[in-house]
Structures are given as structure tokens and as C-alpha cells.
Amino acid sequence: MSRTTRLPSSLFRAAAITGIAALTLTACGSGSGSGSGSSSAGSGEVKVGLITKTDTNPFFVKMKEGAEKTAKAEGVKLMTAAGKFDGDNAGQVTAIENMVAAGVKGILITPSDSKAIVPAIEKAKAKGVLVIALDTPTDPESAVDALFATDNLKAGELIGEYAKAAMKGKTAKIATLDLAPGVSVGVQRHDGFLKGFGVKEGDSSIVCSQDTGGDQAKGQTAMENCLQKAPDINVVYTINEPAALGAYTALKAKGREKDVLIVSVDGGCTGTQAVKDGKIAATSQQYPLKMAAEGVKAVVTYAKDGKKASGYTDTGVTLISDKAQDGVTSKDTAYGLENCWG
């Protein structure tokens, strides 16, 4: 959907306890070995909480699947919650409060608002709850006990290096279709792309920058706006693949889809297929299932022996393209489709 330590990241914001249904505090089926946490906090059963930005984005759907599978294998109860929209910080705060009240041993969270969520996290930690950020760092990163995430700066660097190599010395006219101001994931990916391409913020080769919220329709609108401003754009960096597909639609409407290089980040199945179809030149693939699985295991370890996970764990990133470039390590879409999500 930022981001400057070499770590990843992303953002979210409104619901009260009376509006918990809107928050989607979800009970998983008994067959999955997970549950809504309805048993008492003192039952002795280990409970793990997972709070994502939304429950509709395929990235977070896969993250939830990874948590459910691992919770079942480890014999623990999983509570899940999600904001009503990307940016629903109030909803995430409510979820933390309810999970702490239900007696969770640890909470895994993809922060919607990296700064605004910190006070709620600090309250949970003060009650002995292990808190691990997945995918998106908090601000400060030290607000959580640990971070399991893609190195989003590296993800951006990979597609920047790829785009630079693919241009083969041609003068670049770059559009950046970003996430939103201040979101760590968006900042890191953007900065990584510029670093990989070898330009700095404000360079004359960057002819247009627009925020998309990682949304396909907004990506299309952003690309349309950029084409009006700079019709000769020939490189497009996008925060994620939905934004990339929106950009492709706008370019195709102008007959420019074949002469503009689009690069992106995420590695979802739809996006990886778009690379195979030639709509996107390359994408950096990340692995949400692994983030969640490792997070659940860390909470189980904490419950068993009190050992807390700490620091940053890089869950990996791979450049995917069917048009390899000299000097840039990548794997083809056959690999990407075997390892995609969504």
C-alpha cells in the first residue's frame, strides 16, 4: 500500500465499543481451532489476537489465513478484528481494548495509523500483553515488542533498479503513484524506488506525484491527472498492484499502455498475473502468510516460557518479472504465481 530504516510498513482510523460489530471482531469456526475469545480470561487457554487494517484486502485475508492455520497447529485460540476501512485507528484501538479484556497473551497488528495507535499499544503492554507489528511499523518502531515485515525500502529499491535497467539509458519521465502522507509503508517504498532508480526527491525526472490510497480507481484517476500534467511520462512507480492496474487502465485509454513502464510492489496473485500478462513490468513480492505464522509462533513461545520476540524480522521480498534485466536479480512469474497470495 512506505518506507528510513530498512524496514517496511502502511495506515488506518472510528468505532466505539457499542459499534464493535462494525469492527468485525470475528469468531472463527470451531473446526479451525480458533475462536472469538468468548471463554473467560482466566480459563488458562492461550489466546492470540490478530488486528488487520481491513478484512477485505487480499493481503490481509491471506495474513488471517496464515494466523488461523498456525493457531490451529499450535492449539491456541485466535481472535481476529479489522478496521471498517484502511485508516480506521479508532476501530483498531477498540479491538486492542477488547482483546486485552478477553485475556489474550499477545496481539499481532498491522497499524492503520502508525503514530495514533501507540498509546493503546502501550496500555496493552503495561498489562503484560506481547504486541507485535506485522507488515507496517509503528512510529516509533520501538512502541511494539517486535516487527515481522517485508523490508519495504528494499522492495522499492528492487523495482527502482529494475526500472533503471529497463530504461537502458533513455531519459526518464517518472510518475509516482503513492499511498498517503506519512504512512511508513508508502514512504519506505517510495524512497526505496528513488534510491534504486538513482534519483533524489525533487529531481526533474519526477514529473508527477499523486496519492492513491493503494486503491485501483484512485490509481486510475491519479494516472489520468498525471497524463494531463505530463503527457510524455514513460515510467510509473506505484505503491501497490491495484494502483498499478488503475494506472494501466488510464494509459490504455490513451493508447500508451505499451510504451510506459509500470513497476509495483506486493506480489498478490492478481498483480503477479498482470506481470505475466504484460500490464506490469515487474513487482516486488512480499509474504503476508509468513508474517502472521511467525507472529503466532512468537506469542506461543511467550506464553510457554515468557521469552519475548524483539527487534525486526525480515519476512522476505522477491523481484518478479518475465523480462529479466542485466544486473538485477529476479524470478519469473511461474515462481511468483506459485508463491502469490489473494
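None of the values given here were measured: they were computed from a predicted structure.
Judged purely by atom type and a 3.5 angstrom limit, Glu224 has no side-chain atom pairing as donor or acceptor with the backbone of Ala250. Between the side chain of Asp266 and the backbone N or O of Gly268 there is no donor-acceptor pair closer than 3.5 Å. Not a single donor-acceptor pair under 3.5 Å links the side chain of Thr176 to the backbone N or O of Ser209. A distance-only check finds a donor-acceptor pair linking the side chain of Thr138 to the backbone of Pro140 [under 3.5 Å]. Side chain of Asp135 to backbone of Ala149: no donor-acceptor contact under 3.5 angstrom is found. Remark: the backbone N or O of Lys154 is paired with a side-chain donor or acceptor of Asp151 at under 3.5 angstrom. Between the side chain of Lys125 and the backbone N or O of Ala143, at least one donor-acceptor pair lies under 3.5 Å. Put simply, the side chain of Asp277 never gets that close to the backbone of Lys279: no donor and acceptor are under 3.5 Å apart. The main-chain N or O of Gly271 is never found under 3.5 Å from a side-chain atom of Ser264 such that the two would form a donor-acceptor pair. With hydrogens and angles disregarded, a donor-acceptor distance shorter than 3.5 Å links the side chain of Asp332 to the backbone of Ala334.
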Open item on the list: Let's go through Val235 and Lys173 carefully: what are the C-alpha distance in whole Å and the side-chain angles of both, what is the deciding distance for side-chain contact (heavy atoms from CB on, under 4.5 Å) to 0.1 Å, and is it a yes or a no?
Closed with: CA-CA 6 Å; Val235 177; Lys173 300 290 185 181; over 6 Å; no
Task: Stepwise side-chain contact (heavy atoms from CB on, under 4.5 Å) check, Gln286 with Phe59 - done: CA-CA 9 Å; Gln286 54 180 340; Phe59 185 87; 3.5 Å; yes
Open item on the list: Run Lys105 and Val76 through side-chain contact (heavy atoms from CB on, under 4.5 Å) and show every step you take.
Closed with: CA-CA 10 Å; Lys105 195 67 177 176; Val76 298; over 6 Å; no
TODO: Carefully, step by step, assess Leu227 and Asn225 under the rule side-chain contact (heavy atoms from CB on, under 4.5 Å).
DONE: CA-CA 5 Å; Leu227 286 170; Asn225 292 338; over 6 Å; no
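Side-chain contact between Leu147 and Ile132 is absent, with no heavy atoms from C-beta onward closer than 4.5 Å. Residues Thr333 and Ile320 form a side-chain contact, since some pair of their non-hydrogen atoms from C-beta on lies under 4.5 Å apart. Proximity of Leu194 to Ile206: side-chain heavy atoms (C-beta onward) are separated by under 4.5 Å at one or more points. Side chains of Ile174 and Phe193 form a contact here, defined as non-hydrogen atoms less than 4.5 Å apart. When side chains are defined from C-beta on, Met167 counts as touching Asn234, because their heavy atoms get closer than 4.5 Å. You'll find the side chain of Tyr162 stays beyond 4.5 Å of the side chain of Ser330, heavy atoms only. The closest side-chain heavy-atom distance from Val100 to Ile107 is below 4.5 Å. Taking 4.5 Å as the limit, some side-chain heavy atom of Ile117 sits within range of a side-chain heavy atom of Val93.
Between Thr54 and Phe60, the shortest heavy-atom contact is O-CB, 3.5 Å. Nearest heavy atoms, Ser321 versus Ala281: OG-O, 2.8 Å. Nearest heavy-atom pair, Phe148 versus Ala309, reported as atom, atom and distance to 0.1 Å: CZ-CB, 4.3 Å.
A side chain to side chain contact (heavy atoms under 4.5 Å, CB included) with Leu134 is found for one member of Thr52, Thr110, Thr315, Val144 and no other, namely Thr110.
More than 12 heavy-atom neighbours from other residues, nucleotides or ligands sit within 6.0 angstrom of NZ on Lys308.
Judged by a 6.0 Å distance limit and a 45° cone about the ring axis, Lys307 is not positioned over the six-membered ring of Tyr302. By the 6.0 Å and 45° rule, Lys331 stacks over the aromatic ring of Tyr335.
Salt bridge annotation for Arg256-Asp259: present, with a cationic side-chain nitrogen under 4.0 angstrom from a carboxylate oxygen.
No side-chain N or O of Thr270 forms a donor-acceptor pair with one of Glu241 less than 3.5 Å apart. The closest side-chain donor-acceptor pair between Gln216 and Gln220, if any, does not fall under 3.5 angstrom.
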